[in-house]
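These notes are about the structure you will find just below.
Lettering of chains follows the sequences in order, A, B, ..., and the numbering in each one begins at 1.
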Amino acid sequence: MATFQSLPGFREFYPEDFARRNHIFRLWRQTASTFGFAEYDAPVLEPLELYKAKSGEEIEAQLFSFTDKGGREVALRPEMTPTVCRLVGAKASALKRPIKWSSIAEFYRYERMQKGRGRCFSQFNADIFGEPGPEAETELIAMLVQCLAAFGLTEQDFYVKLSDRNLWFYYLEALGIDEPRIRGVLGAVDRFEKYGEEAFKGYTEQFGPLDDGVKIKVLAFLQIKSLAALEHTLGSIGGEKLTARLADWKKLLGNLEAMGLARFVEVDLGVVRGLAYYTGFVFEAFDRKGELRALAGGGRYDEMVQKLGGPALPAVGFAVGDMTFALLLEQRGLMPTFVQVPDVYCVIGGAAERHAAFGDIHALRAAGYRVDYPLKEVAFGKQFKVAAESGAKIALLYGGDEIAKGVVKLRDLTDRSEREVPQADVVATVRDFFTGGR
RNA sequence: GCGGUCAUAGCUCAGUUGGUUAGAGCACAGGAUUGUGAAUCCUGGGGUCGCGGGUUCGAGUCCCGUUGGCCGCCCCA
C-alpha cells in the first residue's frame, strides 16, 4: 500500500478516466461555441471575502479556506458566479453586448463525500450579462438542453424544471404577505416536495402559523405544472406586475417551443432553489428516473454584479456538474470507452532495420499520423500480435529482406493483405491509404 | 456533523475452531517462438493482510482505537 494517498474527495485521473472527462469537456466546449459563447478562466484561489460578501457566513463552512503567507484570507473557489461577476463588472462598459461567456473549471467544497458529490468537481458554467428579458433565458435553457443532448441523451433521459421566484413574490404580495414572510414561505416551498407538511415548521416557528386560506393557495400554486394552469390562477388576480410577468413566461416558453425544445421543459413552481441570490426565472435539470441528484441548475441573478462593486448589470447563468452527469451517461450506456489507437504500427527486424525505420516513423508523425513501434527488439510474431491489439489500421514491416530491396512491406491489418512499397514513398502511400485512396 | 457497512496483490476475491514461509483467477512482464494476429503451455515480478495498540506460546482471523471507501441523514451545487 502506498505511503501517500490522495486527500478525501479528490480525484485522480488515470488515462482512461482522463479520456472520459475529455470527452465530456470536448462536447460542452463545442456546444458553447455553437451558441456563440466565449470561453474564459480565472483564478482557482480567491479572497475569502468574495464568497462571504455574496453568500453569507454559512457557506464558509464548506469552503477550503486558509490564511496565506502574506496574511490574506483566501479560499479555493466553490463556484464560478462571484468570480465571473467580478470579471464582467470590471470591464462591463467595454464589452460588446450581449455578453455570453462560458467556462469549464474545477471547484472545491469541503463536504461529506457521496455518490455524485466530491470535494472537488468540474462544472461547465455559462452566463449571459446585460440582457434583462427572457431572451437570455431562452438561450441558456436551449444550451443547457444541448449540453446534455449532445451526448445522445433524449427527453426520455432528462428534463428541465422551470420556475420563477418573481412570480412567487408577486403572487404572495397579492395575497397580502410582507417580504420577510414571503422568504419564509419560499423556504417552505423549497422543502415541500421532500418533507410535505413538515416543511412549514420553520415558518411557523418564526412567524406563527400561516393563515389556512393562504396556505391552501400556496399549496395549489406550488403544484402548478403548466402555463395554462398558471394563467388560470393568476388571471383572476390581475395587476400590472403579474400581467407583465405572465407575458415573460409566454415569451420564454414560446421561444423554447419554436426551437423544438418544449418536450424537455416542464413548468414546476415547486423549484425555488436555495441560493439566496436568484432574482427571477430559476431552472434545474434532472434525470427522468429521479435516481440522481440535480444534473444542472441555474437562474437569474440581476443584482450580483452590482453587489460585487460593478455596474447594475442583469445576468442569467447555469452550471452543469461533471460527476452526476458522468453517472447518468454510464447508466444509459452513453459513455464510450476510449483507447489510444495508433494509425500505424511499425514491425521492425533488428538494430539495423530499426535505424532504417526511424526516419519514416518521424516523417509520418510530422505528417500528423499516430505511429507506434516497440521500443525494444521483440520477436516478429509478438510484434504482429501487439500491432493487431493496438487497433492500428496498418502495419509497416521493416525486415532485413525489405530493407535490402529498398522497400517496406505494408500490411492491411483489417483484411491481412500485404504489398511492398518503395521506402521513399511510405509517407505518400500512408496518406493515400487514410484519405481513401488505397 | 450523525448513523450503518466494509478494508487481504493493479482488479475480483478465497483464506477452516486462532497454528509453519498468505493463495487463486484476471491483468502485467519474460520465455516456448530471429518473418506474420484471437490459442496453448511454462516462468516471473508484485503484499507492512489500511494503520496503531491489546489479548495470546502464536493474530489476516479475536478485542479496542484510528484512517479511508461506500450507502443513508443533515446540507446543498
### Message
Strictly below 4.0 Å, N to O, side chains only: are A:Glu111 and A:Arg117 in salt-bridge contact?
### Response
yes
With respect to the side chain of [X], which nucleotide from [options] is positioned closest?
X: A:Arg117; options: B:C76, B:G1, B:G35; answer: B:C76
X: A:Phe384; options: B:G30, B:G35, B:G37; answer: B:G37
X: A:Lys382; options: B:C71, B:G37, B:G31; answer: B:G31
X: A:Lys409; options: B:A38, B:U36, B:C70; answer: B:U36
X: A:Arg112; options: B:A38, B:G1, B:G69; answer: B:G1

List, with names and distances, any nitrogen or oxygen atoms from the protein found under 3.5 Å away from nitrogen or oxygen atoms belonging to nucleotides 65-67 of chain B.
none

### Task
Answer with yes or no whether the side chains of A:Glu73 and A:Thr67 bring together a donor and an acceptor at under 3.5 Å.
yes
### Message
I'd like to know if the side chain of A:Tyr398 pairs up with that of A:Asp360 as donor and acceptor (distance under 3.5 Å, no hydrogens or angles considered).
### Response
yes
Taking [M] as the reference, what is the distance to [N] when you measure between their [atom1] atoms (whole Å, please)?
N: B:C71; M: B:U55; atom1: C1'; value: 33 Å
N: B:G25; M: B:C42; atom1: P; value: 10 Å
N: B:C62; M: B:U17; atom1: P; value: 11 Å

### Query
At under 4.0 Å between heavy atoms, what does A:Glu402 touch on the DNA or RNA strands: base, sugar-phosphate, or nothing?
base
### Query
Using Watson-Crick and G-U wobble pairs whose two distances are both under 3.5 Å, how do you write the pairing of RNA chain B as dot-bracket, with | for links to another strand?
(((((((..((((.....[...)))).(((((.......))))).....(((((..]....))))))))))))....
### Query
What residues, two or more places apart in sequence or in another chain, satisfy salt bridge (Lys or Arg N to Asp or Glu O under 4.0 Å) together with A:Glu135?
A:Lys251
### Query
Expressed in angstrom and rounded to an integer, what is the separation of A:Arg293 atom CZ from B:G72 atom P?
8 Å
